[in-house]
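Notes to accompany the following structure.
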Amino acid sequence: MAGVGELDGVRMAGQLLGFYDRQGRQLPWRGERDLYRLWVSEIMLQQTGVATVLSYYPRFLARFPTVESLAGSTEEAVLLAWQGLGYYRRAQHLHRAAQRLVARGGGLPEELEGWLGLPGIGPSTAAAILAIGRDQPHAILDGNVKRVLARLLAFPHPLNSSRAQQVLWSVARQLTPRQRPGDYAQAIMDLGATLCTRSQPDCLRCPWQEHCQAHRLAAVASFPVVVPRPGKPRRRGVAALIFDKNRQLLLCQRPAQGLLAGLWEPPTLAMDDAEMLPLEPQSVAQRIAQRFNLHTTLPQPLPPVQHTFTHFHLTLYPFVCQWLGEEGEGVGNEAGYQTVRWLPRAAWHTLPCATLHRKILRLLEPPTASPENH
DNA sequence: AAGGCGGGGAA
DNA sequence: TTCCCAGCCTT
């Protein structure tokens with residue numbers, strides 16, 4: 001690996017900025033000076049690709065145009081605007097941080113220290129907001145930058161150890177110029193996103209080719225070093241689609257902690273073993289009765305829905321049935337749901353749900369006419 | 001230091 | 001399929 005001292009930071013920054021001026025991406029948050037809007041973009045872009053964020057960003061800002069409007073809204077409304085973006089904790093942190101800043105008064109922080117410590121703000125996000133929004137010379141270190149630096153140095157270790165992080169932050173700081181640090185931050189992310197991509201990097205056009213140790217070794221594909229990950233286990237569950245006599249559907253709000261915290265879903269039963277397949281409607285009814293204290297008609301199966309989470313695959317088997325009880329009877333709640341509600345079809349979309357549960361609810365929609373069928 | 005956390009696009 | 005992404009938080 002090349003010594004850090006061999007890097008000519010000033011020359012390299014100039015080359016990268018030249019690349020950025022010629023062929024940087026045009027993105028809605030480019031040139032943004034409003035720290036609130038920039039903050040929203042940075043949070044959305046955590047672990048989420050630009051292509052996905054592009055559709056959410058303007059909608060979210062139209063709904064919550066200022067930090068005050070965000071702070072003054074309910075978490076449910078924020079989650080609804082975030083619905084489908086994933087990592088919902090980001091939205092909850094964003095909301096809480098907005099409330100904290102508004103309560104504190106004085107607007108959005110103009111210095112790094114004011115951002116660090118807010119929920120959802122880590123060192124790279126804080127640096128990005130002030131580098132881009134105020135042209136302060138802070139280094140950033142995200143996935144794109146890590147990949148670029150790993151190749152630049154022919155970095156021979158996996159990137160996520162704390163030692164590797166230390167080294168990469170150090171190099172990132174060393175390369176960050178005093179001139180145009182905001183453009184530089186966006187330029188190095190553009191480089192990683194458009195040329196120094198994970199597969200098939202376009203070294204021919206790279207402004208840093210002459211400095212790149214991986215390229216010199218003709219081994220760009222060998223960096224960054226990756227450790228093989230264990231496969232994801234598959235879990236199964238039953239989604240109980242329970243209607244009452246008024247065609248209202250039972251929906252439940254998940255616990256405030258853990259996976260999909262605070263989002264809504266049809267009551268779901270985890271199935272511990274695949275041995276239970278095929279599922280007998282009788283046993284589904286029995287378990288609904290045990291778990292939620294709801295006696296129902298014989299559940300009818302719908303096609304299973306597949307979904308992949310960060311750490312596991314999930315297959316949900318939806319069953320439709322009708323509640324036989326009377327209004328006023330309580331719904332049991334051993335699943336730890338925060339609250340449960342009966343909702344008419346027109347109200348389903350007013351509650352935030354994860355994509356998985358949108359898929360389930362779509363099974364209950366009448367088939368939509370295809371564009372050809374006028 | 002390690003594990004948890006959604007979803008979608010690319011290959 | 002598998003990998004990874006404008007990371008951060010909790011344990």
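Owing to the predicted nature of the structure, the values given are computational and were not obtained by experimental measurement. Labels below follow one simple rule: chain letters A, B, ... track the order of the sequence lines, proteins then strands, and each chain is numbered from 1. Scope of the values below: all heavy atoms of this structure, side chains included, with no hydrogens, waters or symmetry mates.
The list of salt bridge (charged side-chain N to carboxylate O under 4.0 Å, His left out) pairs with a residue in residues 199-212 of chain A, not counting sequence neighbours, reads Arg11(A)-Glu210(A), Asp202(A)-Arg205(A). The ring pair (Phe, Tyr, Trp, His ring centres under 6.0 Å) analysis of residues 212-240 of chain A, with sequence neighbours excluded, yields no pairs.
The stretch residues 349-357 of chain A has no heavy atom under 4.0 Å from DNA chain C, so no residue of it qualifies as close. Of the residues in residues 110-119 of chain A, those lying under 4.0 Å from DNA chain C by heavy-atom distance are Leu118(A), Pro119(A).
Using a cut-off of 4.0 Å between Lys/Arg side-chain N and Asp/Glu carboxylate O, Asp135(A) and Arg33(A) are scored as not salt-bridged. Contact check on Arg134(A) versus Glu111(A) returns no salt bridge, with no Lys/Arg side-chain nitrogen under 4.0 Å from an Asp/Glu carboxylate oxygen.
The residue Arg25(A) sits close to a base: some heavy atom pair falls under 4.0 Å. Looking at heavy-atom distances under 4.0 Å, Ile43(A) makes no contact with the nucleic acid at all. Among the heavy atoms of the strands, none lies under 4.0 Å from Ile140(A). Here Gly192(A) lies out of heavy-atom contact (under 4.0 Å) with every strand. Across all strands, Trp29(A) comes closer than 4.0 Å to base atoms (heavy-atom distances). Backbone-only engagement by Ser124(A) is indicated by non-hydrogen atom pairs under 4.0 Å involving sugar-phosphate atoms exclusively.
Where Glu42(A) and Gly120(A) each meet DNA chain C at their nearest nucleotide, the meeting point lying more 5' is that of Glu42(A). Comparing His93(A) and Ser41(A) by the nucleotide of DNA chain C that holds the closest heavy atom to each, the one mapping nearer the 5' end is Ser41(A). Of the residues near DNA chain B, Ser162(A) and Ser199(A), the one whose nearest nucleotide (by heavy atom distance) lies more toward the 5' end is Ser162(A).
Between Lys146(A) and Leu168(A), the closest heavy-atom pair is CG-CD1, 4.1 Å.
With P as the reference atom, dG9(B) and dC8(C) are 24 Å apart, rounded to whole Å. Spacing between dA11(B) and dA6(C) at atom P, rounded to whole Å, works out to 14 Å. Comparing dG7(B) with dT10(C), their C1' atoms sit 22 Å apart, to the nearest whole Å. Remark: the separation of the P atoms in dC9(C) and dG8(B) is 24 Å, to the nearest Å.
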Check the interface with nucleotides 1-5 of chain C: list each N/O to N/O pair with the protein under 3.5 Å, or write none.
from: dC3(C); atom 1: O2; to: Arg198(A); atom 2: NH2; distance (Å): 3.4
from: dC4(C); atom 1: O4'; to: Arg198(A); atom 2: NE; distance (Å): 3.4
from: dC5(C); atom 1: OP1; to: Arg147(A); atom 2: NH1; distance (Å): 3.0

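Between Asn160(A) atom CG and dG7(C) atom C1' the separation is 10 Å, expressed in whole Å. Remark: P of dC8(C) and CD of Gln165(A) are 10 Å apart, rounded to the nearest angstrom. Per the geometry, CZ belonging to Arg90(A) stands 12 Å off P belonging to dA6(C), to the nearest Å.
Side chains of Glu32(A) and Ser41(A): a donor-acceptor N/O pair is absent below 3.5 angstrom, by distance only. A donor-acceptor pair shorter than 3.5 Å can be found between the side chains of Tyr337(A) and Glu265(A).
Applying the side-chain contact (heavy atoms from CB on, under 4.5 Å) test between Val238(A) and each of Met271(A), Arg287(A), Arg291(A) identifies Met271(A) as the sole match.
Residues Phe155(A) and His157(A) bring their aromatic ring centres within 6.0 Å.
In this structure, CH2 in Trp115(A) is found 10.0 Å from CD in Glu42(A), a value given to the nearest 0.5 Å.
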### Task
Give the intermediate values and the outcome of ring-ring contact (aromatic ring centres under 6.0 Å, His included) for residues Tyr57(A) and Trp29(A).
CA-CA 9 Å; Tyr57(A) 180 69; Trp29(A) 45 88; 5.2 Å; yes

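Under the 4.5 Å side-chain heavy-atom criterion for grouping Ile, Leu, Val, Met, Phe, Trp and Tyr, Trp82(A) is connected to Trp348(A) within one hydrophobic cluster.
Applying the 4.0 Å criterion to OP1 and OP2 of dC8(C), one finds that Thr125(A) has a side-chain N or O inside that range.
By the neighbour-count criterion of 12 heavy atoms within 6.0 Å, atom CD of Gln23(A) is densely surrounded, having more than that number from other residues, nucleotides or ligands. The neighbour count for Arg358(A) CZ, taken as heavy atoms of other residues, nucleotides or ligands under 6.0 Å away, is above 12. Surrounding CZ of Arg104(A) are more than 12 heavy atoms belonging to other residues, nucleotides or ligands, all under 6.0 Å away.
When DNA chain B is scanned in the 5' to 3' direction for atoms under 4.0 Å from non-hydrogen atoms of chain A, the outermost contacting nucleotides are dA1(B) to dA11(B).
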